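A, B, ... follow the sequence lines: proteins, then strands. Residue 1 opens every chain. Note that the structure is predicted; figures quoted are calculated from it, not measured.
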Amino acid sequence: MRLDRLDDFQRTHRNGDLRLDQVGQTVRLLGWCRRVRNLGSLVFLDLRDRWGVVQLVANEETADPELLAKLKAVRSEFVLAAEGVVAERESKNPNLATGDIEIRLTGLRILNTAAPLPFPLEDEGVGEDLRLTYRFLDLRRKELQRNMLLRSEAANLIRNHFRELDFIEFETPILTKSTPEGARDYLVPSRVHAGEFFALPQSPQLFKQLLQVSGFERYVQICRCFRDEDLRADRQPEFTQVDVEMSFVRQEDVQGVIEPLMVKLAKLVGKDATAPFPRLAFRDAMAWYGSDKPDLRCGIKIQDVTDCFAASGFNLFRAAAESQGQRRVRALFFPGEAAGSLSRKALDAYQEQAKQMGAGGLPYAKWGKDGLSSSFKKFLEPADEAALRQSLNAAGEGLAVFAVGTDAQTSKVLGDLRLKLATNLASIEKDPNLSNLFHNKNAYAFLWVVDFPLLEWSEGEAGEPGRWVACHHPFTSPHPDDLERLETDPGACRAVAYDLVLNGFEVGGGSIRIHDAETQNRMFRAIGIGEAEARAKFGFLLDALSYGAPPHGGLALGLDRLVMLLAGVDNIREVIAFPKTAQARCLMTDAPSPVDDRQLRELHLLPDAKQTYRVGAVFFESAEGGSPELRGQALQQIGQMTPRQAQGLVTLDAQGQILDAQTLSGPTFEF
RNA sequence: GGGGUUGUAGCUCAGUCGGUUAGAGUGCCAGCCUGUCACGCUGGAAGUCGCGGGUUCGAGCCCCGUCAGCCCCGCCA
């Protein structure tokens, strides 16, 4: 098809802005054809741009025949420039913002054609692999346009917020140093320095601390971070952080800067959040919710019922009661008719879920219309049942599920079931008060989880001995009251670290940092990093801390997760323009992909024992400085080849054997 | 590394107990149509049943392997 030129055509209006006010005006519009409705001698076309859709129309009686023919040739997603007069419609469309008017065409330019799309833009439920392969088309869809706009708005709001508070925006290196601890690094081989590597930053942690030493006092950066770990619905290998650091601050000061920002962000999507947010100690979060990122939209708490089974005939539970606190019996109780009448099949499904979380099974006690039904009913004497109900504060109908084991085990099982049962029961429970208790749909439940442990014991892999590792990172300040425990009882030492949690997602985390070299050295020692290693890996940090480092701290917000929650979607890919699959692949560009051996050799990733000779018309010469000896051997071998074979790149190993000969085009020659 | 799940027309899916020529809706193409807006009507084209192997007289369906998407566990300071 012959295409028209844009030339000096300029739009006079955005398509979505046209109203009855513009009736009679001649307008020029640009955009994509959403759909043509060809009624024969009357043709309608919906023209879409970023701001909306408007209907174009032409008919046989009034329009130029050439124009009408051109209009009929248009297909979906053709790119058009249209000129016409705004007119009130004969039949209006109340579902469309511009539905009262239409554009009577006086001119039409087809700026580009479009092949039929591999998937419809207006359908839900297109396979995600297909969407990712044609992401540039996927991004034409209304939902993604909305999400990208929201992301842009959020980023702007964030920048303005920090600017108003006198923060300075920095850029820190993407090519940086690999550090031990933490996530696996993405590595970038250095061509200039054989065998050496840059790492992509897991976060700009050390740089932002160093900028405090430099005296900037308030740092902010919206930056990309990279972690080579396995993916989840809310995790990508590269993701964006709002990175913040401040000097002369306590935990409360950092939180005081972040809370009003969160309130503003919530407002952006019409949600109310009130600062200050609740603070919850890590220990309580684990005890009540079985999670260090509790979803407070659910009001159900985990309860300890170990004591109820001290004399029980149920051996599993009694054993825990006799374990002197090593193992406990913990439970969730969901009140109400819906919970009390959950089917056996539903309970089996929850049991499977519990097993996946490491539980042996899922003991339950259900009080429904027909009274008690329980997986351990035969061990539950009426008196025990009453005591259990009292302990659970369980009146009326309802369901209790139990987990037995160490706190870590039961927290994991019950923390998971708490949310699964809550969302399910909230949708089937008829009592709105209970439903709301299970899952308050409208809430934006922010909270700070504080007083994290500083260190945790890590079992060594593959024969390595276990050791203490930093929960947050090795630069986190120990709680001042716990400083002595760093050597004596590392596991009991708290950190001045805090996570910001929204609706069960960790959207941010930070800490007050160690700002003196001595404490930093003690910390390194506690996690088994010797003085020499600390010097080699973090020498610059220790230096910096010895030249007048101010007390400082900060946090990082996960922008992708935050926008995901603001957008109300359940997947981080929906708010990232070009995301990767769960296998860390880009279906659109097909990255990562293999590279030439030559590129690998340049980066010293293939052994250099090979040498490449470029064979010319007159003689061959070494491109990378081979030895005269090899040259002689190569010449001898090349002499035995056909002229065709002898042309091009010849790769020799250290013994002068020809490993590979690529033919290049060029004049033939003979030896 | 492990578990679960999905893969059939461009797209979304159905396909019975293993049995004739693998279907529907939609999209696409062609014709008709002056008030459509998910336009309508008529007709047509369109398939590597993800891929490879096996069992069988016969496989979309059963078995083994493999690839890819999604979810979860481990992992993610």
Using a strict threshold of under 4.0 Å (side-chain N to carboxylate O), is an ion pair present between [Y] and [X]?
| X | Y | answer |
| --- | --- | --- |
| A:R573 | A:E128 | yes |
| A:E238 | A:K580 | yes |
| A:D295 | A:R297 | yes |
| A:R89 | A:D100 | no |
| A:E531 | A:R525 | no |
| A:R104 | A:E102 | yes |

Quote, to the nearest angstrom, the [atom1] distance that separates [N] from [M].
| N | M | atom1 | answer |
| --- | --- | --- | --- |
| B:rC11 | B:rG19 | C1' | 30 Å |
| B:rA9 | B:rU5 | C1' | 24 Å |
| B:rG69 | B:rG31 | C1' | 41 Å |
| B:rU66 | B:rG47 | P | 31 Å |
| B:rG25 | B:rG65 | P | 39 Å |
| B:rU6 | B:rC61 | P | 15 Å |
| B:rC62 | B:rC17 | P | 11 Å |
| B:rA45 | B:rG10 | C1' | 13 Å |

Is there a donor N/O on one and an acceptor N/O on the other, under 3.5 Å, for the side chain of [X] and the base of [N]?
| X | N | result |
| --- | --- | --- |
| A:E102 | B:rG35 | yes |
| A:R235 | B:rC76 | yes |
| A:R232 | B:rG74 | yes |
| A:R573 | B:rC70 | no |

Measure from the side chain of [X], starting at C-beta and using heavy atoms only, and say which of [options] lies closest.
| X | options | value |
| --- | --- | --- |
| A:A582 | B:rC71, B:rG35, B:rC76 | B:rC71 |
| A:T581 | B:rG10, B:rG69, B:rC71 | B:rG69 |
| A:E128 | B:rC70, B:rU36, B:rC72 | B:rC70 |
| A:K412 | B:rC76, B:rG74, B:rG35 | B:rG74 |

In this structure, how many angstroms lie between the [atom2] atom of [N] and the [atom1] atom of [X], rounded?
| X | N | atom1 | atom2 | answer |
| --- | --- | --- | --- | --- |
| A:L42 | B:rG35 | CG | P | 7 Å |
| A:L231 | B:rC72 | CG | P | 11 Å |
| A:I572 | B:rC76 | CD1 | C1' | 12 Å |
| A:Y186 | B:rC76 | OH | P | 15 Å |
| A:R89 | B:rC37 | CZ | C1' | 7 Å |
| A:R585 | B:rG69 | CZ | P | 7 Å |
| A:E574 | B:rC70 | CD | C1' | 12 Å |
| A:Q583 | B:rU66 | CD | P | 15 Å |

Point-to-point distance, once rounded to the nearest 0.5 Å, from [atom1] of [X] to [atom2] of [Y]:
| X | Y | atom1 | atom2 | result |
| --- | --- | --- | --- | --- |
| A:R14 | A:T98 | CZ | OG1 | 15.0 Å |
| A:R131 | A:R141 | CZ | CZ | 4.5 Å |
| A:Q353 | A:D348 | CD | CG | 13.0 Å |

Residue set satisfying ring pair (Phe, Tyr, Trp, His ring centres under 6.0 Å) with A:W32, at least two apart, ordered chain then number -> none
Verify whether one side chain among [X] and [Y] offers a donor that lies under 3.5 Å from an acceptor in the other.
| X | Y | value |
| --- | --- | --- |
| A:Q22 | A:H13 | no |
| A:S178 | A:D185 | yes |
| A:E352 | A:Q356 | no |

Residue among A:I110, A:T113, A:N112 satisfying side chain to side chain contact (heavy atoms under 4.5 Å, CB included) with A:V79: A:N112
Looking for any heavy atom pair under 4.0 Å, which part of the strands does [X] touch: base, sugar-phosphate only, or nothing?
| X | result |
| --- | --- |
| A:V469 | nothing |
| A:S203 | base |
| A:P120 | sugar-phosphate |
| A:L130 | sugar-phosphate |

Determine whether a donor-acceptor pair (N or O, by modelled atom type, separation under 3.5 Å) exists between the side chain of A:D46 and the backbone of A:Q55. no
Between side-chain atoms of residues 501-512 of chain A and protein atoms elsewhere (two or more places apart, or another chain), which donor-acceptor pairs fall under 3.5 Å?
from: A:N503; atom 1: OD1; to: A:A445; atom 2: N; distance (Å): 2.9
from: A:S511; atom 1: OG; to: A:R513; atom 2: NH1; distance (Å): 2.6

Paired nucleotide for [N] [Watson-Crick or G-U wobble; both distances under 3.5 Å]:
| N | result |
| --- | --- |
| B:rA68 | B:rU6 |
| B:rG40 | B:rC32 |
| B:rG25 | B:rC11 |
| B:rA46 | none |

Using a cut-off of under 3.5 Å, enumerate the N/O to N/O pairs linking the protein to nucleotides 22-31 of chain B.
from: B:rC29; atom 1: OP1; to: A:R75; atom 2: NE; distance (Å): 3.1

Contact list please: [range] against RNA chain B, heavy atoms, distance less than 4.0 Å, in numerical order.
| range | answer |
| --- | --- |
| residues 517-533 of chain A | none |
| residues 450-457 of chain A | none |
| residues 46-65 of chain A | A:Q55, A:E61 |

Whether [X] contacts [N] is assessed here as follows: a side-chain N or O lying under 4.0 Å from the phosphate OP1 or OP2. Is that the case?
| X | N | answer |
| --- | --- | --- |
| A:R37 | B:rU36 | no |
| A:S91 | B:rG35 | no |
| A:N571 | B:rC71 | yes |

Counting heavy atoms not belonging to A:E533, are there more than 12 under 6.0 Å from its CD? yes
A:D570 atom CG, over 12 foreign heavy atoms within 6.0 Å: no
Would A:F119 pass as stacked on B:rC11, i.e. its ring centre under 5.5 Å from the base's six-membered ring centre and planes under 30° apart? no
When A:E124 and A:N95 are each assigned the nearest nucleotide of RNA chain B, the 5'-most assignment goes to A:E124
